[in-house]
Amino acid sequence: MAEAVLRVARRQLSQRGGSGAPILLRQMFEPVSCTFTYLLGDRESREAVLIDPVLETAPRDAQLIKELGLRLLIWAGTPRSFLYPPDLSLLSLPVNTHCHADHITGSGLLRSLLPGCQSVISRLSGAQADLHIEDGDSIRFGRFALETRASPGHTPGCVTFVLNDHSMAFTGDALLIRGCGRTDFQPEALDSLTFLPLPWPLGFTVSTVEEERTLNPRLTLSCEEFVKIMGNLNLPKPQQIDFAVPANMRCGVQTPTA
Ligand SMILES: N[C@@H](CCC(=O)N[C@@H](CCS)C(=O)NCC(=O)O)C(=O)O
Ligand SMILES: [Fe+2]
């Protein structure tokens, strides 16, 4: 069994890094699907995790990981916005990480570009991966760990990753800055999302729970109002959905394209 698998410990939500060490953090952008990819690393052990890689930018991410002298343990399917929460009670409720509909994950290609790294996604996503995680699982990298919080709503398999010092949360499409992910892909998940009502990104890349609670218009809606609004967004289908979802159910493209 690979080391990365062993590093995913079950039910360790209360565990903290406690080192106070500064984490290596890079936020990267993929402009076609407007996806943020996050690289988190431990400067001491050089172990790293990549959240939400995109197929087209996987070579960029692999190069950066090599340039920084990092060893990628896993990638993790997830978010496009992150929060610095003064109060994590909101985030202990459904937020997200999921099988994407707007782009093909870069995870399959990264497995080829960085041999030894392993793909990770939630079991509830139903997608293939080297490693499936569930609510409460902790993904360790060096002195840090990401705690997995189930956050259905945008999709039933969405999860949010909370850094174990509780300084950051990677929420994905369920909770966007001033927004939230659409709920018409899997409407049965809507109930859970009503706890985290929100609107849409305005170009911001970082926010806080307090800020969203205050400034995110949908946080003040009643459940009924929220359900009504989400049911009447009438958004067009994501352009890549018809081939991105089937590909992502197989962990993306498995071999480098010519
Ligand atoms: N135009 C984009 C798709 C836009 C879209 O549907 N985004 C999703 C998140 C990605 S699955 C979403 O939940 N949007 C919320 C909203 O309020 O728009 C494309 O064609 O890729
Ligand atoms: Fe999505």
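Being a predicted model, the structure only gives us computed values, none of them experimental. Note that ligands are numbered from 1 as they come in the structure, with each ligand's atoms numbered from 1 the same way.
- Not a single N, O or S atom of Asp102, from either the backbone or the side chain, sits less than 2.8 Å from the Fe ion (ligand 2).
- Considering backbone and side-chain atoms alike, Lys237 places every N or O at 3.5 Å or more from each N or O of ligand 1.
- Using a 4.0 Å cut-off between a side-chain N of Lys or Arg and a carboxylate O of Asp or Glu, Lys237 and Asp242 qualify as a salt bridge.
- Here the shortest heavy-atom pairing between Asn248 and His103 reads ND2-O, 2.8 Å.
- A search for side-chain hydrogen bond (donor to acceptor under 3.5 Å, both in side chains) contacts involving Asn234 returns nothing, not counting sequence neighbours.
- Contacts of Leu176 with ligand 1, taken as heavy-atom pairs under 4.0 Å, are absent altogether.
- By the 30° and 60° cut-offs, the orientation of the rings of Tyr38 relative to Phe170 is perpendicular.
- For ligand 1, the atoms lying closer than 4.0 Å to a non-hydrogen atom of Leu235 are 16 (C), 17 (O), 18 (O).
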With a cut-off of 3.5 Å and sequence neighbours excluded, list every side-chain donor-acceptor pair involving residues 225-232.
from   : atom 1 : to     : atom 2 : distance (Å)
Glu225 : OE1    : Ser222 : N      : 2.9
Glu225 : OE1    : Ser222 : OG     : 3.3
Asn232 : ND2    : Lys228 : O      : 2.7

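- Interface atoms of ligand 1 facing Asp173, defined by a heavy-atom separation under 4.0 Å, are 9 (C), 10 (C), 11 (S).
- Nearest to the Fe ion (ligand 2), among the N, O or S atoms that His154 has, is NE2.
- Interface of His154 with ligand 1, defined as ligand atoms under 4.0 Å from a residue heavy atom, comprises 11 (S), 13 (O).
- No donor-acceptor pair under 3.5 Å is formed between the side chain of His132 and the backbone N or O of Ser122.
- Under a 4.0 Å criterion applied to the non-hydrogen atoms of Gln239, ligand 1 contributes the atoms 19 (C), 20 (O), 21 (O).
- Residues Gln240 and Val32 share a closest heavy-atom pair of NE2-CG1, 4.0 Å.
- Test Asn164, Asp165, Asp42 against Arg143 for side-chain hydrogen bond (donor to acceptor under 3.5 Å, both in side chains) and you get one pass: Asp42.
- Taking all atoms of both residues into account, the shortest heavy-atom contact from Leu110 to Pro53 is CD1-CB, 3.4 Å.
- Each of the following atoms of ligand 1 lies closer than 4.0 Å to a heavy atom of Gly181: 13 (O).
- Residue contacts with ligand 1: Cys180 is included, with a non-hydrogen atom under 4.0 Å away.
- Not a single N/O/S atom of His100, whether from backbone or side chain, sits less than 2.8 Å from the Fe ion (ligand 2).
- In Gln240, neither the side chain nor the backbone holds a heavy atom less than 4.0 Å from any atom of ligand 1.
- Asp173 has its closest N, O or S atom to the Fe ion (ligand 2) at the position named OD2.
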